[in-house]
Each structure stands twice: as C-alpha cells, then as structure tokens.
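Proteins get letters first, then strands, A, B, ... in listed order; numbering begins at 1 in each. Keep in mind that this is a model prediction, so the values were computed, not measured.
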Protein chains: 2
Amino acid sequence: MTQSQQGEPKRHRSRRSAKQKMRLADVARRAGVSEATASRAINRPELVRPEVRERVARAIQELSYVAHGAARALASDRTHSIGLIVPTLRTAVFAESAEILQQALNRSGYHLIIASSEYDKAREYHEVRALLQHGIDGMVLVGQDHAPELWQLLERSGLPFVTAFQYAGESSYPCIGVDNRQEFYDATRFLINLGHTNIGVLTAETAGNERLAARVAGARDCIGDHGLPKPDVVEVPSTLTDARQGLRRLVERNAHITAVACTNDLMAFGALAECRTLGIDVPGQLSVIGFDDLDIAEHTQPSLTTVRLPLAEQSRRVGEYLLARIEGRDAPSSTRLKASFIVRESTGRPPEPARATVQRSSADAGPLQTPSSKRRARSAAE
Amino acid sequence: MTQSQQGEPKRHRSRRSAKQKMRLADVARRAGVSEATASRAINRPELVRPEVRERVARAIQELSYVAHGAARALASDRTHSIGLIVPTLRTAVFAESAEILQQALNRSGYHLIIASSEYDKAREYHEVRALLQHGIDGMVLVGQDHAPELWQLLERSGLPFVTAFQYAGESSYPCIGVDNRQEFYDATRFLINLGHTNIGVLTAETAGNERLAARVAGARDCIGDHGLPKPDVVEVPSTLTDARQGLRRLVERNAHITAVACTNDLMAFGALAECRTLGIDVPGQLSVIGFDDLDIAEHTQPSLTTVRLPLAEQSRRVGEYLLARIEGRDAPSSTRLKASFIVRESTGRPPEPARATVQRSSADAGPLQTPSSKRRARSAAE
DNA sequence: CAAACATATGAAAGCGTTTGCATTACAAAA
DNA sequence: TTTTGTAATGCAAACGCTTTCATATGTTTG
C-alpha cells in the first residue's frame, strides 16, 4: 500500500486525477523488473521465470493495477472486442443470440459491442464504419443482404467476419446458420403430409429480411413441388395486431383454407389470437405453424407447432470461427446448421377428408424431433 | 488515388498488411497541413479555417481514412464507449432498454458495450473489471444491489456511472428509474379498490432481484395498510411452467382468493394460462395483474392489466446523464420516473360481494391511465 | 504607425503499452 | 577450461493519435 512517488516523470498534461492510476511501470518497479518483463509476465507468462511471474502477479494485486485497454490495443493491434450488428434487439431471437455470444466471447477474454440497424441498410453501413473506427478484432453480421459499400469496406479492412442466421452456401461470404428456405420447406411439407391442400402463408415484411423471404420461398416451393395451387401469401407489418388482421384476411379470402404457415412465431401468435376471436378452432378447423420457438410457444392455447433454431450452437460456432480467424488459424467458412421441428397442438389433419393423392403418414415429414415438451404432439384432429 | 509512399518512416514492426491503412499523417500530407491541424479539423473544426477544414475533409474522403480508435483513446483519454451490465438480455425489458440506449448513444458518437451478469454478483464484479480494463467513459448498472467490491472499484475509478430500473432515493448512488415498490403498491390498491380482499402474490425469484423484491413489498404494504390479512406470496423460478404451478398452488391453498398480483408479466402469462387450463374464469372468478406491459399483454385472452415502464425515457435520461458527467457538467443524480397503469380485461370486481369496509369506486385507484389500447377496460365482472 | 490582441498553424512531447533486438546468465557440450 | 546454445531479461522504438506551447499572420485600436 505504500508507493513512493519518487522518480516519476512529470506528466506533461496534468489530466490525471488525484487518485493516480497505476501503470505498468509501477507494477514493474514494485516487482523489481523492467516494464518489458512485467508485460511479458502478463501476456506471455511462459517466457518468464515462475518466480518473477509470481512477483509481478503480487505487485499487480497489491497495486490493484488495471491495464489500460487503449494503450494495449495501440501497441498490440488487438482490441479484444468483437462487433455485432443485429437488425434489432427487440426480437427475442437476436437478443438471446447476442447474450449467448457475449458470454462465449467473455470466456475467451473478448467483449461484444452490439449495434442495431433497425433493418436499415444505410444505417447498418454507418454502424460498420463506426465499429471499424472504434476498433474491433472481428465482426458478426446477420445474413448476407447488405449494402455493397458495406461489403467493400469490410473486405478492404481485412477484418475477420461472419454472417449468421442464414446458410448461404459454400461460395458465399463466411456464414453460419440454418437454411431458412429448406427448414420452412420441410415445415410446410409436414402440413401437406397431414393432408392439407389449401395452405396460406402469413409473413412479416420480407423487404430487407432475407430470412423471412427465404421461408416464404420455401413454403411456395414446397407447395408447388406437391402440385398444389399457389398459396395465398399475406405480408403484414411485424406486430401482433397486424398479424391478426393478416389471419383474418387469409381466411376471408380463402374459404377452404385449412392451414396457415407463419414465417415466425410472432405472426403465429397473432394468428392464434385472432382464431380465438373469430371462433375458429385450431387445429380442428385450421392448423397453424410458426418459426422460432419462442418461450411462449409452448404455453399458448393451443400450443404452437414450430421450428426451433439452434441459437446456442450458432453463437458458439460464430465465436469459434472468429477467434480462429483472429489468431490466424483458418476455419470452415460455411457451416450449415439444422433446425428442429417441434410438433405441438396447433397442427392436425384438415377437417374435410383430403383429396386423395396426398399421403397420410405424418411420420416422414422432414427432420422431425419430439422435444422435451410436456404436451405431446398429436397427429390428427382429435 | 495516387499517393506516393516516399518519405514514409520504415515501420519497425512489419505488421501492416499489404493494404496499408491510411493514417492521419497521410491525410495531413494530402491536405498540405500538419498532423496537428488535420486532427483539429476533425475534432475541433471551429479552430480551423473553413478552407483548410474543407481540404482535410476531402483528403479524408479520398483516402477513405478511418481514425484509429485505440490511438485516439490513448491520446485523448476518451474511448467513446459506455458499458452496460444487465442481468440478462433474455428479458425483453432489458433487451429493449439496451437497444434504445444504444441508439441514443450512437447519436452522440458513443458505443454501447453490453455485458450480462446472469443475476450473479461475482460475475457482475468481473464484468465491471473487464469493462474498466477495456476502457469505457461511463457505465450503467441495473439497480443498486451489487457486490461491495464492485462499488468500491467503481468509486475508486472515478468513472461516471448510473443505476437504472429502480429509484433508490436522493441519498443513494445516482439512479434513474421508477419506484418499484410504490408502483406495485398502487397497482395492488387498484385491486383493493375493485373490492378484492383476498389477494395472492405470484413472483419470480426475488433473491438478487431488488426490483421484484420491492414490488412484493409494495403489495404487502398496500394490503397491510388496508387492514387486510397478510397475503399468500408464492415465489417460483422465472419460467412460464413454474408460473403456472405457482398459480395452482395459490388457488389450492387459498379457497377464497379473488385476485393475483404478479410481479411481472411473465408470471401473469403463466397464471392466465393455468387459469385457462383449470377452467378458472378471468376476471369473473379471479383478477390478474402483471408488470412490464410486454407486447403480448394486449393480446392474451383475456388481455392483461399491467404496469408499463417508461423505458424510452429512462434510456434517454441515462444517456443524457452520462454524457453530461463525461463532459464535466453535472446533472441531477437521482431521477424518479413514473410508470403507467394499463387497465385491460384481466381485472374486475370479485365474484362475491366484498366485505363492506372497502370502497367501491375504481376511479381513484392510483395513477391510472387508459392507454391507446383498442380494447377498453371494464370495471366489473360482466 | 506601433501596440495590443485575436486567430491559425506547426513542432514535438506525450498517452501506456508491446515487442524486436541486444545482452546477460547459465547449462551443456567439446 | 572454452565454446556453443538456450532461456530470461532489459532497452528503447514504435503504435497513431491529441494537445500544449510557441510562432506566425492578420486585425483592431489608440
């Protein structure tokens, strides 16, 4: 606790407050070594004799020394922070992913700096600029639909980066995520296998949201591939109120509709709520599926059949990828993750006997998995 | 596009990649001024002749110069980043606040670095340390219930900081938020004013969550102040499934219970869901209130009477406070925000005529406000 | 017209680390 | 012994900016 201030060079700008912050020089002096050795004791302990290492550690402890991040970053060219740009944190899926990623990075001594673009490409570009300027060692983006200048900036900067939440193929920029088109294709097939032939699609705005757009495409493709008529696709703003309206529009315009594929759980909740209001029995008269498996999905009335994203795995892999790249190792640039399909109560056979050509079994409907959900799936309208 | 590399001092460490990053010196040379002037043109434009300012701006543009954050931070002792530590981003209220704060700070040229503590004090302490080391200009914490070492560290560092989500009085550390005790006191009074005399409390774990604890206290106090018997308080883990169990326990243990005050919307949703399962009519047989006003609150069946937090205002004020402190201005250290009470369908008069002493009018029940909610409140069991 | 002042600029000293290179200390080999 | 090699340390030069201080250039003013 007794550090004599002797010998300290006068500070040329007197900005330090009364409580002088300890610097590496203080630690070094106390441990009786040079700054270089003190630095090495911290960063490359294997280069320093155990006894010295020990002394430095003690000095750090006693002086409650905290390294100066900026100085360190300047000298070492490593900021130990990673940037993440999500469309919004208000979406549970992004918030949760951010949280998991942050935890994962923390464990490796990295920090997460989060920015949100509000689904606005120009804004996103500026966020990237700002992050680049702030200084980051790596960056995570959502999807691959970004302003060209953004890509250019990113490539020029030479910064390691990945995109997440959408598998974009081998030949794209590095990406880690599920194939939204395929996953929703499979989900839609589940409905078809149940016997549905008149399926509507309810989606939030797809402009600027490639994930949603891919899901819609998946549903369309699946329905087309099974020789069914083109589905009615209703696109609404991303609120529950709009989702309810969307459901109403869907059932009003399509008298014989028996299933609605919603591109996310929010839409599905809206649909469920509106069905309740309209007196439509789910799944008796109408089957509903969602996408995301939000916490409430299990507790709605009826509970929601939906697609669960492997968020934890995605975040973990994103972290691993980035750290590998930062450390100069290379890593598989494209990873395709698989979602799981969660069958709950909101889906069943259509009310009228199905047309004929369609197969009955619901067993082979894509990559099914029965989750640790209390309420079990049912395969027919009870 | 043509910059000659002549005159450049040889780099003593050859870490720069092929694509040489532009430095301030490059900009200065191109603009025909000294580095000092270039720097000023960027940071204190008013000190530089407009014409020169213009030339520097053009040089920056042409070279697509991006300032080096770490160097800047080292020289100026400003990182332009703010740390935020929340218990978890999985809670919508925190995620939303983080988002709003981040946006607000961005507008002022600051970045938000988010960390989460998972409601663990030790972990939180380490996050603070890590943020301090990384270098931040200010810090936001949730509530005032933190490890003593954390406070100590924070005070020693001299870093500007605020706590949010709970008003802790004038004499506390700087805080900006609502008074959770009072707000829930008022909410409970609303129930009492409706005629309820047997009110249960359902809460998620209060250990390490002073906001929840304060709300429970508010309910207890209110019930006590009205001469009613001590309420049954059920505390469960913070999941919907547990909330449902909690509701069941509450109604099983208290045959005459007519209202349940839930300390957050999650608990309330669970309660509502379980009531549906148990065939309990809400609000016919049981009234339910929540806290937070999550998006779905308006769309549950029945819609949920709850308390809405002024998140946007809170985040805005937090940002303002911090920036003021960083710039050396001082700011009111404690700000008490008011929540709004949102009356929806989940509350009504108790089924049996109330005991007598309790007043009938629901009009003077605290700081009521009728929100822009489509569905209007109703004051009695229809 | 000189004095007094304001305004713009540049030179250079840091900011607190890391790290290339040189040096020292010591053990193993000759 | 002396040589050679290796492991541990120190010196001092960056890292890329900001900012103090001094200087130069105008602009008023008495």
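- Residue B:R49 has a polar side-chain atom (N or O) positioned under 4.0 Å from OP1 or OP2 of C:dT9.
- Put simply, OH on A:Y110 and CG on A:D137 are 5.0 Å apart, with the number rounded to the nearest 0.5 Å.
- Summarising the geometry, the separation between CG on B:L47 and P on C:dA8 is reported as 8 Å, rounded to the nearest angstrom.
- Under the 30°/60° scheme for interplanar angles, the aromatic rings of A:H146 and A:W151 are found to stand perpendicular.
- The number of heavy-atom neighbours closer than 6.0 Å to CZ of B:R129, taken from other residues, nucleotides and ligands shown, is 12 or below.
- The side chain of A:A71 sits closest to C:dT17 out of D:dG16, C:dT17, D:dT9.
- In this structure, the nucleotide among D:dC17, C:dG16, D:dG10 sitting nearest to the side chain of A:R23 is C:dG16.
- We find that CG of A:L74 is positioned 6 Å from C1' of D:dG16, with the value rounded to whole Å.
- Within the structure, a side-chain polar atom (N or O) of A:S39 is placed less than 4.0 Å from OP1 or OP2 of C:dT18.
- Between the CD atom of A:E35 and the C1' atom of C:dG20 there is a distance of 16 Å, rounded to whole Å.
- In plain terms, the two heavy atoms of B:D145 and B:E210 that are nearest each other are N-OE2, 3.0 Å.
- Taking atom CZ on B:R29 and atom P on C:dG10, their separation rounds to 14 Å, with Å as the unit.
- Here D:dC17 presents its P atom at 14 Å from NE2 of B:H80, a figure rounded to the nearest Å.
- Proximity note for A:S76 (side chain, C-beta onward) versus C:dT19, C:dA12, D:dC17: the nearest is C:dT19.
- Across the protein-nucleic acid pair, A:D77 atom CG and D:dG16 atom P stand 8 Å apart, rounded to whole Å.
- Atom P of nucleotide D:dT19 and atom CG of B:L24 are separated by 12 Å, given to the nearest angstrom.
- Residue A:S34 places no side-chain N or O under 4.0 Å from the OP1 or OP2 atom of D:dT9.
- Contact annotation: B:R72 side-chain N/O to D:dT18 OP1/OP2 distance is under 4.0 Å.
- The local environment of CD in A:E46 is crowded, with over 12 non-hydrogen atoms from other residues, nucleotides or ligands closer than 6.0 Å.
- Residues B:R44 and A:A38 both approach DNA chain D. Their nearest nucleotides, taken by heavy-atom distance, put A:A38 toward the 5′ side.
- Distance CD1 (A:I42) to P (C:dT19): 12 Å, rounded to an integer number of Å.
- Position along DNA chain C of the nearest nucleotide to A:N43 versus B:R40 favours B:R40 as the more 5'-ward residue.
- Checked against C:dG10, D:dG10, D:dT9, the side chain of A:V48 finds its nearest nucleotide in D:dT9.
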